[in-house]
Protein chains: 2
Amino acid sequence: MDNSLHDPFRTTFDSLDEFADLISQVLKCPITIEDANHRLLAYSTHDERTDPARIATIIGRRVPEKVINQLWKEGTIPALLKTREPIRVQTMNEIGLGNRVAISIWKNEEVLGFIWALEIDKSLSDKELYQLKKAADAVKNKLLQLQTRKNKKEERSQELFWKLLTGHLTSHDEILDHFRSLKITPSTSFVILVFQFQENINRKEEQYIMYLLKTIQRLKIILYTIDCDQLILLTSADQIKNLTEELDHFSQIFVGKMNERYKITGITPVYSGIYQDYQKIGKAYNETLTVLSIKSKFPAETKKMFSFQQLGIYQFFDLLLKSRQNNDYVNESLRKLHDYDHQHNSNLIKTLEVYLDHDSNLNDTAKQLNIHTNTLNYRLKRITEIAQVNLKEPNQKMMLYIDLKLEKYHV
Amino acid sequence: MDNSLHDPFRTTFDSLDEFADLISQVLKCPITIEDANHRLLAYSTHDERTDPARIATIIGRRVPEKVINQLWKEGTIPALLKTREPIRVQTMNEIGLGNRVAISIWKNEEVLGFIWALEIDKSLSDKELYQLKKAADAVKNKLLQLQTRKNKKEERSQELFWKLLTGHLTSHDEILDHFRSLKITPSTSFVILVFQFQENINRKEEQYIMYLLKTIQRLKIILYTIDCDQLILLTSADQIKNLTEELDHFSQIFVGKMNERYKITGITPVYSGIYQDYQKIGKAYNETLTVLSIKSKFPAETKKMFSFQQLGIYQFFDLLLKSRQNNDYVNESLRKLHDYDHQHNSNLIKTLEVYLDHDSNLNDTAKQLNIHTNTLNYRLKRITEIAQVNLKEPNQKMMLYIDLKLEKYHV
DNA sequence: TTCCTTTTTGGTGATTTCCACAAAACAGGC
DNA sequence: GCCTGTTTTGTGGAAATCACCAAAAAGGAA
């Protein structure tokens, strides 16, 4: 029938792969179907011509991160998220991407996925582009089904995650059973990663987050959930050499992209230590909450600290602050230095603080203060005289450092 | 009468000075009368011959400390405290002491004071020594009167001291009034000094203590009292350059002499910071009690710390310990190092601790550990690798130090 | 045993720290 | 203004630190 010629996709099909092959046959080019997060859903096998980007996508079952990044930068993805029309992409050799056409799959106002058609030897004609659009329309219900199935699984895994976070699962075997039933391979060591947002996360932002989590492929995320203004992740720490660096990097990318792509700012990343025992997920989660709480109290000093470990002395800061305030104790040494500074317009306190901040390194300190090394030496000598302290005693030194930092919060 | 010739001292006299002159006339030599604590009570003026030690005693209204020390070492004072017979002392030029005879003044089993007779040109005959003994007997009642008068004053000053220690006197003027009425000149700055004994201080020990306090002349003691197993002193901090050193020295002498002279051991000295405001005596006292409490909890690490200031980080030690135990947190870095030490029979933990104890000084640390500097350097490099820490970050370093110390108390 | 890795020790030279001394700059009081 | 004491900067030399390399010693696994 003429009708069937006009729309060859008005037919039933069992699997998405079958449908990909159908499109491929009609358009005479290799076809790939992805979900909204650039995970591979199906690909045609009928046509063996392809390019490196497509191979990588099929092998990894998702579009490589650098390809996604490039497509964002260069505008393809933003365009696909706006229009229902096909978008043509020019060859980008640096990421192994040949000429192709993409179209987004829509359900109401939401993008469910994408269809990619490689233009290996020839460009698609306008008619073929129209057919592609029809294909995108035809596939949407299938994708919707997949999505709801995935949503159900997601719900179950979120439930599991919350049980773990709140410490409701105490038996190791029970936990492993849950993982198995959700087809999650548990890792031998893990880290809890929390992103604190400035405001509660709404539906739209949640989609952005999911998109980013799926497309940033640096860390393996086992479970995730959202709680008001927090994004909580359970990530695997297996086979990562420099974990701290990796976590820092991941957080930085996440925060950076949330900002540049969606203009969401003020996200604070924080992570727990590494744990092997899944019963300790609750503990790890509490650790991150503690870090967030300390960071919110002392934002300036803890700016560059993201884990409990890194907090160092700030782990105890509110405890110390409270103790000092209760005993209304003043560090005599610091008082004397303050007095001296006041009377002589000097800045011994500042000198001491910078010196201690720089781990008693003369060169660095002098450089930071823009003074001669000998001047610094002289000042330090004066400090030991006036404050009656011995800067070679780690104990006294630490107390000075801590009291210096505490002073800033004496209201 | 023959009787009066035999005992020329059976007579009444108004003042002790008058009596000293009487003895001097009878024995034909200069006479000095001291109380049990070697404070000058009276001296003869009839005979102008004398020696440097006597001059110094009269000028300072007490026997100089070094003279007392010498007389203890050389056995005179211990002998005087045992026998009621006169004791002869040979010239000791190094302390300006000429030949002389001394006798102790007894009331029942207690020594109330001493009479000194200088043998400038001639030695006292046996008859004269016998007369000296009679003089000592005659003067005892006068001394007893003085003592009870002094005791009353002491009682009043102790009462004042307790009021100050417990913070019952809040008005500055009121405090000054009390001082004036007790004829005590208040100093502009003071320190509370507490000696913690191992057991309650009994009557005999109290006498020893009073004796030592009166004879150690390094610090000016304004008020003192005894509370069960504690000796509490209010000392002036005026006109002392290096107060800490002075306090350390005083404590050391006190503890040393209590041991060598009276075999009382296990005394822990402790002192407060310097305060100007007499209303803060209570605060200063509490400070010393805190120090004592911390020292009793962590005796090994706080061995050489005697003031709150010196405690440094140990000021918070029990707070930190409690916090760590509550959160059952383990420092990952230290755990890794411990693991490594265990597996490889190494001693990175020890190395790190000594290094931190020595304020990151390579030379000192290497010397203490009996290893080559390069070995130490190598180990430190390994430590940073294994523990994943940056030893140039004061924050991390401090946390390591603190956790290292805390570990020793994880039971 | 040999082989391999880890650890210790030694040596060298560039850089940094520490110390003493002195000249110059500066500030405050008179 | 001048005087005095404090602060800054400069110089120079001894000691310490740091970053290398390399040889020797130790310890473990095949």
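Since the structure is predicted, the reported quantities are computational estimates derived from the model, not experimental observations. Quick note on labels: first sequence line is chain A, next is B, and so on, each numbered from 1.
- End-to-end axis angle for the helix from C/dT1-D/dA30 to C/dC30-D/dG1, using five pairs per end and rounding to 10°, comes out at 40°.
- Counting only residues at least two apart or on different chains, the salt bridge (charged side-chain N to carboxylate O under 4.0 Å, His left out) pairs with a member in residues 342-355 of chain A are A/E353-A/K405, A/E353-A/K408.
- Protein atom CD of B/E385 is 10 Å distant from nucleotide atom P of C/dT6, rounded to whole Å.
- The side chain to side chain contact (heavy atoms under 4.5 Å, CB included) test applied to B/S171 returns B/D173, B/E174, not counting sequence neighbours.
- Between A/L376 atom CG and D/dG10 atom P the separation is 14 Å, expressed in whole Å.
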Could you pull out the protein-nucleic contacts involving nucleotides 20-27 of chain D (nitrogen or oxygen on both sides, under 3.5 Å)?
none

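- Formation of a donor-acceptor pair under 3.5 Å by the A/Q315 side chain with backbone atoms of A/F308 is found in this model.
- For the side chain to side chain contact (heavy atoms under 4.5 Å, CB included) test, residues two or more places apart in sequence or in another chain that qualify with A/N395 are B/M305, B/I313, B/Y314, B/Y401.
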Intermediate values then yes/no, side-chain hydrogen bond (donor to acceptor under 3.5 Å, both in side chains), A/Y275 and B/E332: CA-CA 10 Å; A/Y275 291 92; B/E332 279 301 310; 5.9 Å; no

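- The distance between the ring centers of A/F316 and B/F316 does not fall below 6.0 angstrom.
- Of the side-chain N and O atoms in B/T375, one or more sit less than 4.0 angstrom from OP1 or OP2 of C/dT9.
- Among residue pairs with one or both ends in residues 343-395 of chain B, those qualifying as ring-ring contact (aromatic ring centres under 6.0 Å, His included) are B/Y340-B/H344; sequence neighbours excluded.
- A/A237 meets the side chain to side chain contact (heavy atoms under 4.5 Å, CB included) test with A/S189, A/V191, A/L243, A/I274; sequence neighbours excluded.
- Listed by first and then second residue, the salt bridge (charged side-chain N to carboxylate O under 4.0 Å, His left out) pairs that reach into residues 303-319 of chain B are B/K297-B/D318, sequence neighbours excluded.
- For the residue pair A/E287 and A/G273, the shortest heavy atom distance occurs at OE2-N, 3.0 Å.
- Checked against D/dT8, C/dT8, C/dT9, the side chain of B/R379 finds its nearest nucleotide in C/dT8.
- Spacing between atom CD1 of A/I383 and atom P of D/dT7 amounts to 11 Å, rounded to whole angstrom units.
- Considering A/L356, A/L376, A/D357 in turn, A/L376 is the only one that fulfils the side chain to side chain contact (heavy atoms under 4.5 Å, CB included) rule with A/T365.
- Applying the side chain to side chain contact (heavy atoms under 4.5 Å, CB included) test to A/P269 and every residue at least two apart in sequence or in another chain returns A/F195, A/S251, A/V255, A/F306.
- Within the 4.0 Å cut-off from OP1 or OP2 of C/dT7, at least one side-chain nitrogen or oxygen of B/Y378 is found.
- For A/H372, whose side chain is taken as the heavy atoms from C-beta onward, the closest listed nucleotide among D/dT9, D/dT8, C/dT8 is D/dT9.
- Atom CG in A/N370 sits about 20 Å away from atom P in D/dT7, given to the nearest Å.
- For D/dT6, the OP1/OP2 oxygens have no side-chain nitrogen or oxygen of A/R382 closer than 4.0 Å.
- Scanning residues 332-348 of chain B for heavy-atom distances under 4.0 Å to DNA chain C yields B/Y340.
- In terms of heavy atoms, B/Y409 sits closest to B/L321 at CB-CD2, 3.7 Å.
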Kindly give the atom pairs (protein nitrogen or oxygen, nucleotide nitrogen or oxygen) under 3.5 Å for nucleotides 13-17 of chain D.
{"from": "D/dA16", "atom 1": "OP1", "to": "B/N363", "atom 2": "ND2", "distance (Å)": "3.4"}
{"from": "D/dA16", "atom 1": "O5'", "to": "B/N363", "atom 2": "ND2", "distance (Å)": "3.2"}
{"from": "D/dT17", "atom 1": "OP1", "to": "B/N361", "atom 2": "OD1", "distance (Å)": "3.3"}
{"from": "D/dT17", "atom 1": "OP1", "to": "B/L362", "atom 2": "N", "distance (Å)": "3.3"}
{"from": "D/dT17", "atom 1": "OP2", "to": "B/N363", "atom 2": "N", "distance (Å)": "3.1"}
{"from": "D/dT17", "atom 1": "OP2", "to": "B/N363", "atom 2": "ND2", "distance (Å)": "3.4"}

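- In this structure, B/Y285 has no ring-ring contact (aromatic ring centres under 6.0 Å, His included) partners at least two apart in sequence or on a different chain.
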